[in-house]
Each structure stands twice: as structure tokens, then as C-alpha cells.
Participant: 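Here you go, one structure.
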Amino acid sequence: MPRPSKSSSVQSFSIREFFERFPTEEACLEHLMELRYGLRHPCDKCLHLSTFHRLADRPAYTCAHCGANVHPCAGTIFQDTRTPLRMWFYAIYLFVTTRHGVSGKELQRQLGVTYKTAYRIGMQIRKLMEDADLGGLLTGHVEVDEAYVGGRRSGGKRGRGAPGKTIVMGMIERGGRMAARVIPDVRKDTLRDAVLQNVEPGAVVSTDELISYGLLTGDGYAHGAVKHGAKEWSWYDWRTGETFHTNTVEGFWRLFKASIRSTHIHVSEKRMPAYLAEFCYRSNHRQFGNAMFDLLVSRV
């Protein structure tokens with residue numbers, strides 16, 4: 001009998017379940033109201049613990065005690081939108097259930113809107129993911145690696161130093177959170193500042209043999225470098241009991257690059273941070289399964 005995968009314990013969120021939960025605009029609005037305020041909560045105007053009822057002529061709820069109105073969409077990415085709330089929810093569903101992301105053209109086809117509207121919706125959701133994924137410093141054993149993202153130029157070199165590519169840097173806790181950012185170069189000061197801003201001093205840090213990482217030990221990190229050029233992919237330090245490798249963060253970059261090539265085709269350096277935030281959000285909340293959707297909607 002085949003063994004269940006590690007992800008089998010994570011509850012999935014099928015498209016059938018999505019449309020059963022949100023069959024109408026009213027169901028979406030009620031869900032948003034419950035997440036942001038609750039159908040029964042202290043009224044900001046009369047201060048009574050009151051029940052709020054849906055108004056028939058507008059997307060709002062009214063206090064049963066004083067009649068004050070609450071607009072669930074106010075102050076969110078849904079405010080003043082002409083796109084139905086159910087379509088917004090479906091777009092968010094697509095973003096949290098895919099591994100490779102959703103392109104603007106795919107949203108255009110799925111939602112039946114213009115490309116301009118689809119692109120705006122996608123970027124708003126990515127910004128929402130970025131805002132919802134704010135966390136503290138990475139701790140424990142952290143893998144650090146930079147990557148070059150972009151199309152291949154005819155006759156140009158590959159890998160480190162390749163022209164026309166965006167340089168990105170990723171840091172991931174072993175068994176924990178991922179953080180990624182765009183960096184201008186791979187000089188020592190640039191990489192050191194990125195690590196200091198994202199990794200807690202005293203953490204164990206695994207990198208490759210790039211000489212720019214050589215200052216980390218002086219900053220209080222337990223640093224170990226893997227010599228990829230010598231075909232070394234991991235090594236064990238018997239003095240500390242730590243195994244140094246960058247396989248986890250490199251796996252993230254493999255998925256990210258494959259997604260850019262196949263789903264998005266091209267992402268500019270200006271927009272790259274938003275796409276990094278999207279992939280980091282899914283990586284950091286994958287254990288939530290279908291709760292990832294509610295978590296994201298609650299942060300609007």
C-alpha cells in the first residue's frame with residue numbers, strides 16, 4: 001500500500017467547495033462581514049452589543065439598536081470596485097490554491113473581465129499577500145541563496161553575472177518561513193545588509209561558497225558554506241551537529257523560475273517584489289490548507 005504524502009493531512013479546498021460556500025454575492029458579503037466585524041459586535045456609534053442586519057438596497061449592514069450602517073467593503077481592496085465581490089473571491093481562491101501563480105491573461109479568461117481589470121486584481125491580491133505576510137526575523141538554521149531571474153539573451157552567459165536578469169535573494173528557515181527580496185548586486189555590503197535585516201543574530205546560516213558571504217561570521221552568525229563548484233551539496237559539522245546545505249531555498253527558486261517561464265513569461269524588475277511576496281505567502285502558509293483563503297480575506 002502506498003504511503004500517504006506529507007501534504008495529505010492538509011485539508012484541500014476544491015473548486016466545488018468554493019462555489020458551495022459562496023454561491024451568491026450575498027454569501028460573499030456576509031462572509032466578509034463576519035471576518036471583519038462579526039454579525040454581532042459592539043456598535044461604534046451607540047456602543048451597544050448589537051446584531052447587524054443586511055440592508056436590501058446597498059452592500060451594508062445596519063445596527064439593530066441605533067440604525068448605524070457598517071460597510072464591510074469600506075477601506076479594503078473591494079471598495080468602489082465594479083467587479084462583483086464573488087469574482088474577487090474566486091480570484092483570491094485561484095491565487096491560494098495554485099503552486100505556479102495566476103497570470104493576468106488567465107484571470108481575464110476565468111473572470112470574464114478586461115485584461116486591464118484582471119491585471120489590477122492580480123496586483124491588488126499580491127499586495128494583500130505582501131501585507132499579510134509580515135513577520136519577524138528568521139531564526140534557527142537559515143539557508144541563504146541568491147538567484148538570477150529573467151530571459152536568456154543570445155550569446156550571453158548563464159548563472160551568476162548573466163546580463164539582463166533581475167537579482168533576487170532568498171532566506172528560509174529550516175522547516176519555517178521564507179523571505180525574498182530584489183537586490184541590486186551581490187557585493188558583500190548588499191548581501192550582509194539583507195541578512196542583518198532578515199535573520200536574527202546568532203542564527204546558523206548556510207550559503208554557497210560566494211566570497212561575499214564571508215563577513216557573516218563576524219556579525220555573530222554560525223556560518224557554513226557549501227562548495228557547489230567542487231560538487232559539494234551538503235556537509236555535516238560534527239562540532240556543532242549542524243548539516244549545511246542550501247537545498248531548501250534552491251527548491252524555492254526552482255519553483256519560482258519555472259513559474260515565471262511557464263505562467264508569467266516575463267516579470268519586470270519593478271514588479272518582481274510583488275511576485276516574490278506572492279510565492280513567499282503561499283510557501284509560508286501552505287500548512288493552513290483551505291484556511292489560507294480565509295486568512296487572506298481577513299486581511300483585506
Side-chain angles (χ1 to χ4, degrees), residues 130 133-150 152-153 156-260 267 269 272-281 283-284:
E130 181 180 6
D133 202 28
L134 295 178
L137 295 177
L138 304 176
T139 60
H141 195 138
V142 180
E143 299 176 26
V144 179
D145 188 40
E146 82 287 350
Y148 293 75
V149 182
R152 185 184 305 175
R153 290 189 176 180
K157 65 177 292 188
R158 299 181 62 185
R160 192 168 280 155
K165 293 181 182 290
T166 301
I167 310 174
V168 291
M169 184 176 180
M171 295 149 280
I172 188 169
E173 295 172 338
R174 293 270 175 90
R177 295 186 300 112
M178 174 79 191
R181 60 189 295 180
V182 175
I183 56 176
D185 51 60
V186 292
R187 296 190 177 103
K188 284 185 178 181
D189 289 344
T190 301
L191 300 185
R192 177 175 177 268
D193 288 347
V195 173
L196 289 174
Q197 292 171 19
N198 290 276
V199 182
E200 185 177 69
V204 180
V205 178
S206 287
T207 71
D208 59 21
E209 69 270 37
L210 181 65
I211 195 171
S212 298
Y213 292 118
L215 291 174
L216 294 180
T217 302
D219 290 313
Y221 299 103
H223 177 219
V226 182
K227 299 178 181 178
H228 289 166
K231 305 298 181 183
E232 179 185 69
W233 312 118
S234 69
W235 63 276
Y236 176 75
D237 187 345
W238 59 269
R239 296 166 299 180
T240 62
E242 297 287 349
T243 300
F244 292 95
H245 65 75
T246 56
N247 299 337
T248 312
V249 66
E250 287 172 1
F252 177 88
W253 289 134
R254 278 194 295 271
L255 173 63
F256 185 76
K257 289 181 177 182
S259 301
I260 297 299
V267 175
E269 182 175 351
M272 188 67 71
Y275 288 80
L276 290 173
E278 173 194 349
F279 278 77
C280 285
Y281 179 87
S283 175
N284 295 340

Participant: Restricting to non-hydrogen atoms, name the atom on N284 and the atom on G176 that form the minimum distance, rounded to 0.1 Å.
Facilitator: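 Closest approach of N284 to G176: OD1-O, 4.4 Å.
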Participant: Got a donor-acceptor contact below 3.5 angstrom from the K165 side chain to the G150 backbone?
Facilitator: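 Indeed, once roles are kept as given, a pair shorter than 3.5 Å links the two residues.
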Participant: Taking all non-hydrogen atoms of both residues, which atom of Y236 and which atom of W238 are closest, and how far apart?
Facilitator: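 Looking at all heavy atoms of both residues, the shortest contact is CE2-CA, 3.5 Å.
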Participant: Look up atom SG in C280 and atom CD1 in I172, then write down how far apart they are to the nearest 0.5 Å.
Facilitator: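 C280 SG to I172 CD1: 8.5 Å, rounded to 0.5 Å.
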Participant: Report the C-alpha separation of F244 and E232 in whole Å, then their side-chain angles, then the decisive distance to 0.1 Å, and conclude whether the side-chain contact (heavy atoms from CB on, under 4.5 Å) test is met.
Facilitator: CA-CA 10 Å; F244 292 95; E232 179 185 69; over 6 Å; no
Participant: Is the backbone of T248 close enough, under 3.5 Å, to the side chain of E143 for a donor and an acceptor to pair up by distance?
Facilitator: yes
Participant: Rounded to the nearest 0.5 Å, what separates atom CZ in R177 from atom CG in N198?
Facilitator: 9.0 Å
Participant: With respect to Q197, which candidate in V195, V199, D193 satisfies the side-chain contact (heavy atoms from CB on, under 4.5 Å) definition?
Facilitator: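 Only match with Q197 under side-chain contact (heavy atoms from CB on, under 4.5 Å): D193.
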Participant: Is any side-chain heavy atom of P184 closer than 4.5 Å to one of T190?
Facilitator: yes
Participant: Minimum heavy-atom separation for D145 to E250, with atom names?
Facilitator: OD2-CG, 3.6 Å
Participant: Closest approach of E209 and V226, non-hydrogen atoms and distance?
Facilitator: OE1-O, 2.9 Å
Participant: Under a 4.5 Å cut-off applied to non-hydrogen side-chain atoms, are L191 and L210 in contact?
Facilitator: yes
Participant: Between atom OG of S206 and atom CH2 of W235, what is the distance when rounded to the nearest 0.5 Å?
Facilitator: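 The CH2 atom of W235 is 8.5 Å from OG of S206, to the nearest 0.5 Å.
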Participant: Do M178 and V249 have side chains that get closer than 4.5 Å, going by heavy atoms?
Facilitator: yes
Participant: Under the side-chain contact (heavy atoms from CB on, under 4.5 Å) criterion, do V204 and T240 qualify, and how do the steps go?
Facilitator: CA-CA 10 Å; V204 180; T240 62; over 6 Å; no
Participant: Any heavy-atom pair between the side chains of H245 and H141 that's under 4.5 Å?
Facilitator: no
Participant: Would you name the heavy atoms of W253 and G170 that are closest together and state the gap between them?
Facilitator: CZ2-N, 3.2 Å
Participant: Rounded to the nearest 0.5 Å, how far apart are NE2 of H228 and OG of S234?
Facilitator: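 So the gap between those two atoms works out to 9.0 Å.
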Participant: Can you tell me if S212 uses its side chain to pair, donor with acceptor, with the backbone of V186 under 3.5 Å?
Facilitator: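 The answer is yes, because a donor-acceptor pair under 3.5 Å joins these two groups.
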Participant: Within the 4.5 Å heavy-atom criterion, are V149 and V267 side-chain neighbours or not?
Facilitator: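 When only atoms from C-beta onward are counted, V267 and V149 do not touch, as no gap falls below 4.5 Å.
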Participant: Look at the rings of F279 and F252 and say which category their plane angle falls in: under 30° parallel, 30 to 60° tilted, over 60° perpendicular.
Facilitator: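 Perpendicular, since the angle between the ring planes exceeds 60°.
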Participant: Within this structure, what is the OG1-NE2 distance for the pair T217 and H223, rounded to the nearest 0.5 Å?
Facilitator: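 The NE2 atom of H223 is 6.5 Å from OG1 of T217, to the nearest 0.5 Å.
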Participant: Is the closest side-chain heavy-atom distance between Y148 and I167 below 4.5 Å?
Facilitator: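 Answer yes - side chains close enough.
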Participant: Could you tell me if D208 and T246 have a donor-acceptor pair between their side chains, going purely by distance under 3.5 Å?
Facilitator: no
Participant: With rounding to the nearest 0.5 angstrom, report the CE to OG1 distance, M171 to T207.
Facilitator: 12.5 Å
